[in-house]
Amino acid sequence: RAQAADKPPDPEDILRNFVVTASAGQTLPKIAVQPSLASNIEDVTVRSVVRRDLDLCGEFEVLLDAIRSRGLLAMCTPFDEESVPIIVDMNFDVIKVASCSGKDWPLLEEIAAAGKPVVFSTGGLTIEDIDNLVSFFQHRAVCFAIMHCVSIYPIPDRRMQLNQITQLRERYTGIPI
């Protein structure tokens, strides 16, 4: 919904729509924002609504303030190298690697050099791909965690493959899963 020109954006409205894409003729970095690591999982609601009018240097900061005001850490997913310095400049707490970027080595190099904790998704990756990511981040002394993910949205309960979490814990001892 449109905001009056003199009225600041409502953080509640922004939290309802936190995926960012560019509208026609507008260039935005390819990044997505998601609240994470809540002390109470009911406080985190993920919605698949795309908001096309979120201005990177205006409402985005309101979004970050709203996330932090709830005691959450702000996690951001870059989909290109150019987005990583923006994530760092905006002081996101964690960089999230989408599973589709798990073999994008130029992007991964930029993420590793950012000096932020990293969470990477496993959806669509082979065990060899996951091994490569673990080795990559370990050799660069990056603080990281692995997030089990099944790349089916929405996911029926019977397809969640939650047994993979145990297998990941057994294979990658000492790494947060």
Side-chain angles (χ1 to χ4, degrees), residues 9 11 14-38 44-70 72-126 128-153 168 172 175-177:
I14 293 171
L15 279 178
R16 281 193 274 283
N17 304 290
F18 54 79
V19 177
V20 180
T21 61
S23 59
Q26 186 180 22
T27 303
L28 289 178
K30 300 173 200 166
I31 56 181
V33 181
Q34 53 207 26
S36 174
L37 306 175
V44 179
T45 304
V46 177
R47 302 181 193 275
S48 59
V49 176
V50 176
R51 184 177 173 119
R52 299 189 181 279
D53 62 344
L54 192 62
D55 177 22
L56 187 59
C57 49
E59 292 184 20
F60 228 129
E61 290 168 358
V62 174
L63 171 66
L64 284 171
D65 290 344
I67 290 169
R68 291 195 173 109
S69 74
R70 287 163 174 76
L72 304 175
L73 296 177
M75 178 185 291
C76 191
T77 303
F79 292 97
D80 56 26
E81 297 92 272
E82 295 79 20
S83 298
V84 177
I86 295 169
I87 291 169
V88 172
D89 289 345
M90 293 184 75
N91 200 27
F92 280 89
D93 301 295
V94 178
I95 297 178
K96 162 78 170 43
V97 178
S99 54
C100 65
S101 299
K103 296 187 263 185
D104 184 343
W105 298 109
L107 174 59
L108 293 166
E109 287 286 357
E110 191 74 23
I111 290 169
K116 295 279 186 182
V118 171
V119 173
F120 73 81
S121 292
T122 61
L125 298 177
T126 66
E128 181 181 332
D129 296 332
I130 298 168
D131 286 346
N132 289 338
L133 283 168
V134 167
S135 177
F136 175 84
F137 288 123
Q138 284 178 330
H139 282 92
R140 285 156 183 80
V142 173
C143 176
F144 71 96
I146 301 171
M147 185 175 79
H148 167 66
C149 176
V150 178
S151 296
I152 303 169
Y153 306 101
L168 290 169
Y172 306 108
I175 297 173
I177 307 293

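Just the heavy atoms: all of them, side chains too, but no hydrogens, waters or symmetry mates, feed the values below.
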Trainee: Could you tell me the separation between the OG atom of Ser101 and the CD1 atom of Ile111, rounded to the nearest 0.5 Å?
Mentor: 6.5 Å
Trainee: Report the distance from atom OG1 of Thr126 to atom CG of Asn132, rounding to the nearest 0.5 Å.
Mentor: 7.5 Å
Trainee: Between CD1 of Ile130 and OG1 of Thr122, what distance do you get to the nearest 0.5 Å?
Mentor: 5.0 Å
Trainee: Between OG1 of Thr77 and CD1 of Ile87, what distance do you get to the nearest 0.5 Å?
Mentor: 7.0 Å
Trainee: Looking at every heavy atom in both Arg140 and Ala112, which two are closest together, and how far apart are they?
Mentor: CD-CB, 3.8 Å
Trainee: Determine the minimum heavy-atom distance between Lys116 and Phe92, stating which atoms define it.
Mentor: NZ-O, 2.7 Å
Trainee: With rounding to the nearest 0.5 Å, note down the distance linking OG in Ser99 to CE in Met147.
Mentor: 8.0 Å
Trainee: Less than 4.5 Å apart, side chain to side chain, heavy atoms only: is that true for Pro78 and Glu110?
Mentor: no
Trainee: Can you check whether Ala98's main-chain N or O pairs, donor with acceptor, with Ser121's side chain at less than 3.5 Å?
Mentor: no
Trainee: So, do Ile95 and Cys76 sit near enough that their side-chain heavy atoms are less than 4.5 Å apart?
Mentor: no
Trainee: When you measure from the side chain of Asp93 to the backbone of Ala74, do you find a donor-acceptor pair of N or O atoms at a distance under 3.5 Å?
Mentor: yes
Trainee: Carefully, step by step, assess Val97 and Leu133 under the rule side-chain contact (heavy atoms from CB on, under 4.5 Å).
Mentor: CA-CA 10 Å; Val97 178; Leu133 283 168; 5.5 Å; no
Trainee: Between Ile146 and Phe144, what is the shortest heavy-atom contact and its length?
Mentor: CG1-CE1, 4.3 Å
Trainee: Which is it for Leu108 and Phe120 under the side-chain contact (heavy atoms from CB on, under 4.5 Å) test, yes or no, and what are the steps along the way?
Mentor: CA-CA 10 Å; Leu108 293 166; Phe120 73 81; over 6 Å; no
Trainee: Just do the side-chain contact (heavy atoms from CB on, under 4.5 Å) check on Ile175 and Val134 with the steps written out, would you?
Mentor: CA-CA 9 Å; Ile175 297 173; Val134 167; 3.6 Å; yes
Trainee: Do the side chains of Lys103 and Asp129 get close enough for a salt bridge, i.e. N-O under 4.0 angstrom?
Mentor: yes
Trainee: Could you tell me if the side chain of Cys143 sits less than 4.5 Å from the side chain of Phe137, heavy atoms only?
Mentor: no
Trainee: Restricting to non-hydrogen atoms, name the atom on Ala66 and the atom on Ser69 that form the minimum distance, rounded to 0.1 Å.
Mentor: O-OG, 2.9 Å
